[in-house]
Amino acid sequence: MKNRYAFEIGYLMLVVALSLAGFSSLFSGERAAPNTLQLLHIITSLAWLMLLLIQLVAIRQRRFDRHRAIGMSVFFAAPVLVASMVLLCAHSAAKDAVLGRADVMVVQNVMVTLELSLLILLAFALRQNRAIHGSLMLSTALLFMGIALFFTLISYVPGYRIEGPETFYRFAKAAQATAFAGGMVGGVFFLRDWRAGWPWLLAGSFFPVNGFVQMIVARNDGTKALTSLVASIDPWPAFGMGLLLFSALLWMAWKVKPGAVIALENSRPDAL
């Protein structure tokens with residue numbers, strides 16, 4: 001009992017540390033100048049990871065009332081998190097659209113925002129199965145791990161670090177390493193609990209899927225067009241739209257009738 005969820009807690013702490021390393025690249029170097037939008041994204045991302053960590057610790061301590069009480073904050077935290085990612089998508093695209101160029105991260109930004117939204121909505125729709133619900137919530141950390149690992153690699157790791165136009169090819173190299181790491185972590189969590197571990201396989205599959213979509217868009221010269229489309233919405237209106245839309249979707253997922261979801265007989269009663 002003492003070591004229950006030690007692996008999951010250790011993983012979340014690793015993701016938090018990796019996120020701090022990845023975010024630190026915004027504050028280092030001669031051109032370091034994080035703006036308000038980036039700071040908002042940093043705060044909301046770290047707050048989400050800490051929320052998952054606190055929830056897991058509460059379960060480990062069998063403080064289920066505290067777990068449920070803190071869990072209600074997701075109704076606020078999740079829409080703000082998703083909205084901040086929508087805002088950053090629009091901001092990133094707008095910076096390049098103004099200069100008449102494509103945002104090389106636009107596909108990744110859009111896809112990760114949609115995928116995070118999907119995992120959270122599924123977690124609420126399938127909450128009657130506590131083991132599945134827990135896997136879905138925890139698997140959202142895998143997306144943040146991928147983002148943090150990518151920026152850590154291109155900022156600090158020799159062989160992946162971007163040092164000028166002649167090293168731009170390393171973006172693809174870092175993306176491949178991130179996809180491999182994400183798939184491996186997702187596979188490990190699935191093997192630890194194959195009955196309720198499919199959300200980890202789903203989250204792990206997002207990395208190669210995103211790479212494939214980016215390749216298709218680029219081959220069809222659609223990156224610049226997608227950049228213009230995403231940039232057509234001003235960042236702060238995009239934040240408000242994302243906040244309202246995801247709040248509505250989250251409420252709809254919460255209202256799914258218990259009878260519409262078939263829980264597995266062997267689901268753990270104290271999953272996240």
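This structure is a prediction, so every number in the text was calculated from the model and none was measured. As a basis for the values below, the full set of heavy atoms in this structure was taken, side chains included, without hydrogen atoms, waters or symmetry mates.
Counting only residues at least two apart or in different chains, salt bridge (Lys or Arg N to Asp or Glu O under 4.0 Å) contacts with residues 101-116 comprise Asp96-Arg101. For residues 227-237, no residue pair satisfies the salt bridge (Lys or Arg N to Asp or Glu O under 4.0 Å) rule, not counting sequence neighbours. Residue pairs satisfying the salt bridge (Lys or Arg N to Asp or Glu O under 4.0 Å) criterion with at least one member in residues 141-160, sequence neighbours excluded, are absent.
For Trp194, the side-chain contact (heavy atoms from CB on, under 4.5 Å) criterion is met by Phe190, not counting sequence neighbours. Under the ring pair (Phe, Tyr, Trp, His ring centres under 6.0 Å) criterion, Trp236 pairs with Phe239, sequence neighbours left out. Here Arg63 pairs with nothing under the salt bridge (charged side-chain N to carboxylate O under 4.0 Å, His left out) rule; sequence neighbours left out. In this structure, the side-chain contact (heavy atoms from CB on, under 4.5 Å) partners of Ala175, at least two apart in sequence or on a different chain, are Phe150. Applying the side-chain contact (heavy atoms from CB on, under 4.5 Å) criterion to Met184, with sequence neighbours excluded, gives Phe180. A search for salt bridge (charged side-chain N to carboxylate O under 4.0 Å, His left out) contacts involving Asp65 returns Arg68, not counting sequence neighbours. In this structure Phe124 satisfies the ring pair (Phe, Tyr, Trp, His ring centres under 6.0 Å) test together with Phe75, Trp254, sequence neighbours excluded. Taking the side-chain contact (heavy atoms from CB on, under 4.5 Å) definition, one finds that Ile54 meets it with Arg66, Ile70, sequence neighbours left out.
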Sequence neighbours left out, cut at 3.5 Å: what donor-acceptor pairs do the side chains of residues 157-168 make with other protein atoms?
| from | atom 1 | to | atom 2 | distance (Å) |
| --- | --- | --- | --- | --- |
| Arg161 | NE | Ser155 | O | 3.4 |
| Thr167 | OG1 | Glu163 | N | 2.8 |
| Thr167 | OG1 | Gly164 | N | 3.1 |
| Thr167 | OG1 | Gly164 | O | 2.8 |

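In this structure, CG on Leu40 lies 5.0 Å from OG on Ser84, to the nearest 0.5 angstrom. Atom CG of Leu53 is separated from atom CD of Glu8 by 11.5 Å, given to the nearest 0.5 angstrom. Separating the CD1 atom in Ile42 from the CG atom in Leu88 is a distance of 9.5 Å, to the nearest 0.5 Å. Rounded to the nearest 0.5 Å, atoms OG1 (Thr223) and CD1 (Ile216) are 11.0 Å apart. In this structure, the separation between OG on Ser19 and CE on Met145 is 10.0 Å, given to the nearest 0.5 Å. Within the model, atoms CG of Leu56 and CD1 of Ile9 stand 4.5 Å from one another, a figure rounded to the nearest 0.5 Å.
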Would you sort out whether Phe212 and Val107 count as a side chain to side chain contact (heavy atoms under 4.5 Å, CB included), showing the intermediate values?
CA-CA 10 Å; Phe212 178 75; Val107 173; over 6 Å; no
Give the C-alpha distance, both sets of side-chain angles, the deciding distance and a yes or no for side chain to side chain contact (heavy atoms under 4.5 Å, CB included) between Leu119 and Phe206.
CA-CA 11 Å; Leu119 291 175; Phe206 289 153; 4.1 Å; yes
Take Met85 and Val82 through the side chain to side chain contact (heavy atoms under 4.5 Å, CB included) test and state the conclusion after the steps.
CA-CA 5 Å; Met85 295 183 71; Val82 171; 5.7 Å; no
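Nearest heavy atoms, Pro199 versus Ala196: CD-O, 3.3 Å.
If you chain together hydrophobic residues whose side chains sit under 4.5 Å apart, Leu249 and Met137 fall into the same group. Residues Tyr156 and Tyr169 fall into different hydrophobic clusters, defined by Ile, Leu, Val, Met, Phe, Trp and Tyr side chains chained together at heavy-atom separations under 4.5 Å. Val110 is not connected to Ile147 by any chain of hydrophobic side-chain contacts under 4.5 Å among Ile, Leu, Val, Met, Phe, Trp and Tyr, and they are in different clusters. Connection of Ile233 to Leu37 is not established within any shared hydrophobic cluster, with ILVMFWY side chains joined at heavy-atom distances below 4.5 Å, either directly or through further cluster members.
Judged purely by distance below 3.5 Å, without hydrogens or angles, the side chains of Ser135 and Trp198 never pair a donor atom with an acceptor atom.
The ring of Phe189 has its center closer than 6.0 angstrom to the ring center of Tyr11.
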